[in-house]
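Remarks on the structure that follows.
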Amino acid sequence: PHTIYLKDYTPPVYQVETLNLKFELGDEFTVVTSTAHYQRDPSHLGNTLLELDGEDLELISVQLDGRYLQVNQDYRLTPEGLQILTMPAQGSLEIVTRIYPQKNTALEGLYQSSGNFCTQCEAQGFRKITYYQDRPDVMTLFTTDIIAERAKYPVLLSNGNLVAAGELEEGKHWARWLDPYRKPAYLFALVAGHLKHVEDFYTTGSGRKVTLRIYTEPHNISKCEHAMQSLKRAMRWDEQRFGLEYDLDIYMIVAVDDFNMGAMENKGLNIFNSKLVFASPETATDQDYINIESVIGHEYFHNWTGNRITCRDWFQLSLKEGLTVFRDQEFTADLHSPAVKRIEDVRMLRTFQFTEDASPMAHPIRPASYMEINNFYTMTVYEKGAEVVRLYQTLLGRAGFRQGMDLYFARHDGQAVTTEDFLAAMADANQADLKQLQRWYDQAGTPEVKVTMTYDATAQTCRLHCVQSIPATPESQHKQPQLIPLQVGLLRETGADLALYLEDQPCDGILQLTQAEQSFRFTQVPEQPVPSLLRNFSAPVRLVYPYTEAELIFLMKHDSDAFNRWDAGQRLAMRAFESLLLDLKQGIPLGLSHECVCAWQVVLTDENLDPALRAEALSLPSETDIAEQLRPADPAAIHQVREFVLTTLAKALRLDFEIIFYRLQHQGVYQIDAASMGKRRLKNVCLAYLGHLDDQAVPALCAEQYAQANNMTDALAALAVLVDIDCPERVAALQHFHDRWQHDPLVMDKWFALQASSSLPNTLQQVQQLLEHPLFDMRNPNKVRALIGSFALRNPWHFHAADGSGYAFLAERVLWLNERNPQVAARMVRPLINWRHYESGRAQLMRGQLERIQAHQGLSADVYEIVSKSLA
Ligand code: B3K
Ligand code: ZN
């Protein structure tokens, strides 16, 4: 595999005016006829080579303006595709290819899922359908004809509007779809199958009536209502918040069981992993409901940020993904609790993106090079990308941000653009100088901001001294300072916020860090304050400040910023873990300070605090978080120390946990509003703590909740506690769950995932046995993620078993997947890549498995890129 560089970008020589596709879908193979009208860019006078991408295609014929072309004379086949050697300035090319969707296990291009046809073209799947310039800066008008047997494939769908349909001989039928908007090939979609749909309508702000449809296999048709309502909420929200209306007469979503990712924003025809569509109280958790709403929103929002304005090239991926994630975050925040949403997003960012940014795969949100673009659909491009978009809003305010968006659409609608174009629109609309923000796009690594404070009682001034540094990452050793908005507050002894004056000027609390080292002097500060720093997580950085335990406890109680109240608790816990790990090493008996325990008691019992926020505060940093922050990591010690803290809190606060648990126990009719979800969350956090008590009553309590639950959230929460306890109730509940849900693959994914994350000693053995379970299927990405992904990512203690058995298991699965589904294989190998962060014994074992994978013959580009970079 070779490396592709951003600096080598050149615009396409030919553009395509129209593209007509004809699919003859068969039992064994599919014949694709593509007719494209090409137009050479007038600036390229002499260039007559037209290069088309193609992969795994059987070429049948090529015609130029009605004349059959001869191989080697008129065209040439290369490992990358097809070259037309004598292409005129304009001409129609008809290419016929044969493809084998039924044999497509990579789930990229045209493939089958549950016997139905579907496509996944982003990023470069279209080249597995026909020879074409498979790059996002080639946009054209698509017309798609689909021909198939009516009995097997009664529903035939593609992008845009259905313009004609009819019957053919031998039980076949056809349909023609026309998409009136120019689009790149990655947004093409086709679906054919035995599907049912639910239908609803949405009237846009300007009064156009849009038909909304969700297609599924018939047995799931009753589980689409939440997705439909979510879609309508998203359509309304985008009009209200960004003034953006939908632009076609129909919006279709198709749910499929076999899908590499979550969902895909194909124009007018989204294809979704069924996991992100189906919901009913019995089968979906609160988190599933929220995820569905957010991803339905995300794909819908892409219609403007991604489809109407797309990326010039794949290095610009964050242009659409960072922006669209930011939009879906704001959507969820506006509809539910902004504080809870912020906390959850930051928790995920810190656990997974910070880890990625400190790994051998670290890359800027706009990478400068890649081998396999599918490896760059990352936490960095998506989540850090969204944080960078948020920087604009923090700096410009909501209104300024909106003006920037308006200008971005006004300038670039219908175009394929770059992240610089986005930055320029934001800057120009606000007459602001944002040049320094460019560094966020070009430099990888999580910036560290070290703050110290000095207070001068005589002058009544308070100085914050800030030092920023960005760690070296593979793409560069020396970094330039970035523009970091640091939102701060100063708390009085009463806990109230002081009014802020910077050098006697009133200040809104947002400090702009632009240099490696910088001081800010607050005046009119009558008493020594406690600083609240990086409020609402105003930038994706690691903030370092020498807080005392007492100061953190004070912030936990008083900070007016809900995010920082939560974060103070996380810092307090992290401090405790750090010192306990030292004690453990030195053989000192473990203990937790009385003040610490009381601090959590205060949060737990604070009836004025939103239950969801109390639940967040009680959810301590995960073992993965601890491993990432306290290196080199010893996963066994981390597990022991974290269990110690949970058990200590459970014992000390048992009565409080019980009181709250019993008070929230029965809530009557299941509702999915934020308040009900918050209560369930708090109740189940209490149950999880109680699960750490060595008490006969606990399994019984869980078994009872499991049996009584009228919703999946409560049932699963009880089961999650039971899977960590070796008791008859565990066996009975797992068996019951299996028997009750064996007909429902999505629910069974939860059953597999639960067992893979168990802390009981024989978990790896259990996981290996589950591979053989009749309902397990290695070819289904959801199953792989549920069983193998959960084990490697959600069960660090067992995955990092000191004998290396977890690593060997993962490597073997990666090699199995490598042959069949490289994208999923490359995802699964990632838990090994941060081997340098672990103590030397484990580090060597992890490296050994990476070397074993690297030595394998026939490694896909996807896996090769990750493994070779992590060993470099
Ligand atoms: N754009 C798709 C991701 C496609 C992944 C290609 N390997 C989903 C999304 O971000 O909305
Ligand atoms: Zn997206």
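As the structure lists them, so they are numbered: ligands from 1, and atoms in each ligand from 1.
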Next item on the list: Please name all residues satisfying salt bridge (charged side-chain N to carboxylate O under 4.0 Å, His left out) with Arg794, sequence neighbours left out, ordered by chain then number.
Entry: none
Next item on the list: Output all residues satisfying salt bridge (charged side-chain N to carboxylate O under 4.0 Å, His left out) with Glu819, sequence neighbours left out; order by chain, then residue number.
Entry: none
Can you give me a line-by-line list of nitrogen or oxygen pairs between ligand 1 and the protein shorter than 3.5 Å?
| residue | atom | partner | partner atom | Å |
| --- | --- | --- | --- | --- |
| ligand 1 | 1 (N) | Glu122 | OE1 | 2.6 |
| ligand 1 | 1 (N) | Glu265 | OE1 | 2.8 |
| ligand 1 | 1 (N) | Glu265 | OE2 | 3.4 |
| ligand 1 | 1 (N) | Lys320 | NZ | 3.4 |
| ligand 1 | 1 (N) | Glu321 | OE2 | 3.1 |
| ligand 1 | 7 (N) | Asn374 | OD1 | 2.9 |
| ligand 1 | 10 (O) | His298 | NE2 | 3.4 |
| ligand 1 | 10 (O) | Glu321 | OE1 | 2.9 |
| ligand 1 | 10 (O) | Glu321 | OE2 | 3.1 |
| ligand 1 | 10 (O) | Tyr382 | OH | 2.5 |
| ligand 1 | 11 (O) | Glu265 | OE1 | 3.3 |
| ligand 1 | 11 (O) | His298 | NE2 | 3.1 |
| ligand 1 | 11 (O) | Glu299 | OE1 | 2.7 |
| ligand 1 | 11 (O) | Glu299 | OE2 | 2.9 |
| ligand 1 | 11 (O) | His302 | NE2 | 3.2 |

Margin query: Could you tell me if Arg820 sits above the aromatic ring of Trp816, with its cationic atom closer than 6.0 Å to the ring centre and no more than 45 degrees from the axis?
Written below: yes
Check: Would Glu321 count as a contact for the Zn ion (ligand 2), in the sense that one of its N, O or S atoms lies under 2.8 Å from it?
Finding: yes
Item checked: Name of the residue among Lys341, Glu330, Glu293 meeting side chain to side chain contact (heavy atoms under 4.5 Å, CB included) with Leu335 -> Glu293
Check: Taking only residues two or more places apart in sequence, or in another chain, which ones meet Asn273 in a side chain to side chain contact (heavy atoms under 4.5 Å, CB included)?
Finding: Phe259, Lys275, Asn782, Arg785
Notebook entry, point to check: What N/O/S atom of His298 is the closest to the Zn ion (ligand 2)?
Noted result: NE2
Item checked: Separation of Met405 CE from Arg327 CZ (nearest 0.5 Å) -> 5.0 Å
Notebook entry, point to check: Within a strict 4.5 Å, meaning less than it, do heavy atoms of the Glu387 and Phe537 side chains meet?
Noted result: yes
